[in-house]
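So you know, we letter chains A, B, ... as the sequences are listed, proteins then strands, and number each from 1.
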Number of protein chains: 2
Amino acid sequence: MLPSSLPWALPLDPASATPVYVQVAQGLTQRIESGHLRAGSALPAERELAAGLGVSRVTVRQALALLSQQGLLTRRHGSGTFVTPPPRPGELPSRSLGLLSSFSEDVRARGQIPGARVLSFERVRPSPQEAMSLALSPGERVYRLRRVRTADGEPLAVEDSALPAALVGELRPADVQDASLYALLWARALSPARAIRHLRAVNADLTLAPLLGVPVGAALLTTDRVSWLADGRPIEYARAHYRGDRSDFVMELQGGA
Amino acid sequence: MLPSSLPWALPLDPASATPVYVQVAQGLTQRIESGHLRAGSALPAERELAAGLGVSRVTVRQALALLSQQGLLTRRHGSGTFVTPPPRPGELPSRSLGLLSSFSEDVRARGQIPGARVLSFERVRPSPQEAMSLALSPGERVYRLRRVRTADGEPLAVEDSALPAALVGELRPADVQDASLYALLWARALSPARAIRHLRAVNADLTLAPLLGVPVGAALLTTDRVSWLADGRPIEYARAHYRGDRSDFVMELQGGA
DNA sequence: GAGTGGTCTAGACCACGTT
DNA sequence: ACGTGGTCTAGACCACTCA
């Protein structure tokens, strides 16, 4: 309970056009990037920072929220705020240089153990999106599967898959507990021969964030994939949301311009 | 200045384990998704919402920030908070189904007009990242170019390019004002024949957000690309940050599992 | 139990857009 | 001029972690 002035100060100008919390965030960013605050080390407590900088705790929290959202800081309830360790190198599913591979294969290729936790499994009418992507006839049903995909037990993605019920035949819950859906398809001679994948970036919403263990708003890499059999029939439509901080998709480009 | 109770109420439980601002956000989400709040329409003012729901304005703002970050709401200073219109369909650079194409070509392929605003252009020592990606000899210099890439005048991406100075020859600022760097390379018989592109998702930081016209924290699709000439010499290393809400990369996958 | 971050309040003033 | 969102304050209580 000392005067608790910080070992360092940040130059804050309340009159400036840039908000104080942005100034605090910038100051902290600089101290992190310059190495004055080392990776993994704890920041002063919020109340301490506020007192030391002469601003309210709310303002400090606004700054910390900004940096936490950018992945620069990690906040742990009851424990403290820490400088996020630098990203581990190349960490993602999809070694895919144009090669069709399953999530399980991709994770294994990185030397990690793939896993899956089934959130739901049902046989339902397709959504319009599913019906279109899978070119379903009216009345056809799909198996819809939502899983959290893990690497070494850590959540890496949430994946929603839809398969035409008429094409894949009877599927029971026990069939999809297995980590690899592709292995099951292979066993039924339904291996996809071709796929098209769309990639986008979105912010984690209230549903996905807890499933992936990231804060709401964290950047996610979202993919939509349609897979076809060799004869051209669609066999799977899947939408997956990957943790942005643990994913890195690779594509190889040839010729052209 | 009426009692200003809202035309609708949300069921809020202050004693619940889920925070009130999350409850407010969920309630608003439901009203938007169910169509009670139409796309483009304005929400009640923050003070009005707070009064109507019996919570403080700070709590309302926390809920609105959550939804704004997810792209569900758009806030306009001095004007109001609005339901974000639904995403326009297929909007991205890179029709690239494994084909090497420039930003300009990709944008034109979508029927839009590509543009570029040069933020900086310099001849410098390479960063370690650039030196490694371009396989530079010690002492070699690179041209480094930072541009905001636009489609129909709207910012779509921020792109940092690095080219080996020894390989491309003299470059003057006027040379790179042109929208397409690839066109310039083509003119010098330095067209890339092959490239590898990595894709990740990150949150917009304080530097990128204003350049792209998005809020801090918005999801961006970031790509690292190295391009090689037919003879195997690296010709360009580029890192680009695309607006997540306006980008959609496509990759085609063959054979394999 | 002491210390941390998480939530919430009631109020103030500023900056921006529109009229 | 007015209404809007943006920033900021000083304080309170809760919930989690760790010794």
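When each of C:dT4, C:dT9, D:dG5 is scored by its nearest atom to the side-chain atoms of B:Thr59, the top-ranked nucleotide is C:dT9. For B:Ser56, the listed nucleotide lying nearest its side chain is C:dA10; candidates were C:dA10, C:dG5, D:dC8. Comparing D:dT17, C:dT4, D:dT7 by their nearest atom to the side chain of A:Pro19 picks out D:dT7.
Straight-line distance from the CZ atom of B:Arg76 to the P atom of C:dG17: 11 Å, rounded to whole Å. If you take CZ of B:Arg47 and P of D:dT7, they are 13 Å apart, rounded to a whole angstrom. Rounded to an integer number of Å, the gap from CZ of B:Arg61 to C1' of C:dC13 is 14 Å. Between A:Arg75 atom CZ and C:dT4 atom C1' there is a gap of 11 Å when expressed in whole angstrom units. As rounded to whole Å, 13 Å separates atom P of C:dA10 from atom CG of B:Leu53. Distance CG (A:Leu49) to P (C:dG6): 13 Å, rounded to an integer number of Å. In this structure, B:Phe82 places its CZ atom 10 Å from C1' of C:dG17, rounding to the nearest Å. The separation between B:His77 atom NE2 and D:dG5 atom C1' is 5 Å, rounded to whole Å.
Put simply, B:Tyr21 has no side-chain N or O that comes within less than 4.0 Å of OP1 or OP2 on C:dC8.
A side chain to side chain contact (heavy atoms under 4.5 Å, CB included) with B:Phe103 holds for exactly one of B:Leu181, B:Leu156, B:Thr150; it is B:Leu156.
Side chains of A:Thr29 and A:Glu33: a donor-acceptor N/O pair is absent below 3.5 angstrom, by distance only.
Nearest-nucleotide positions on DNA chain D for A:Val22 and A:Arg57 put A:Val22 closer to the 5' end. If A:Val58 and B:Ser79 are placed on DNA chain D by their nearest nucleotide, the residue sitting closer to the 5' end is B:Ser79.
A salt bridge between B:Arg225 and B:Glu159 is present, with a side-chain N of the basic residue lying under 4.0 Å from a carboxylate O of the acidic one.
B:Arg146 and B:Asp160 get closest at one heavy-atom pair: NE-OD1, 2.7 Å.
Checked against a 6.0 Å centroid threshold, the rings of A:Phe249 and B:Phe249 do not count as neighbours.
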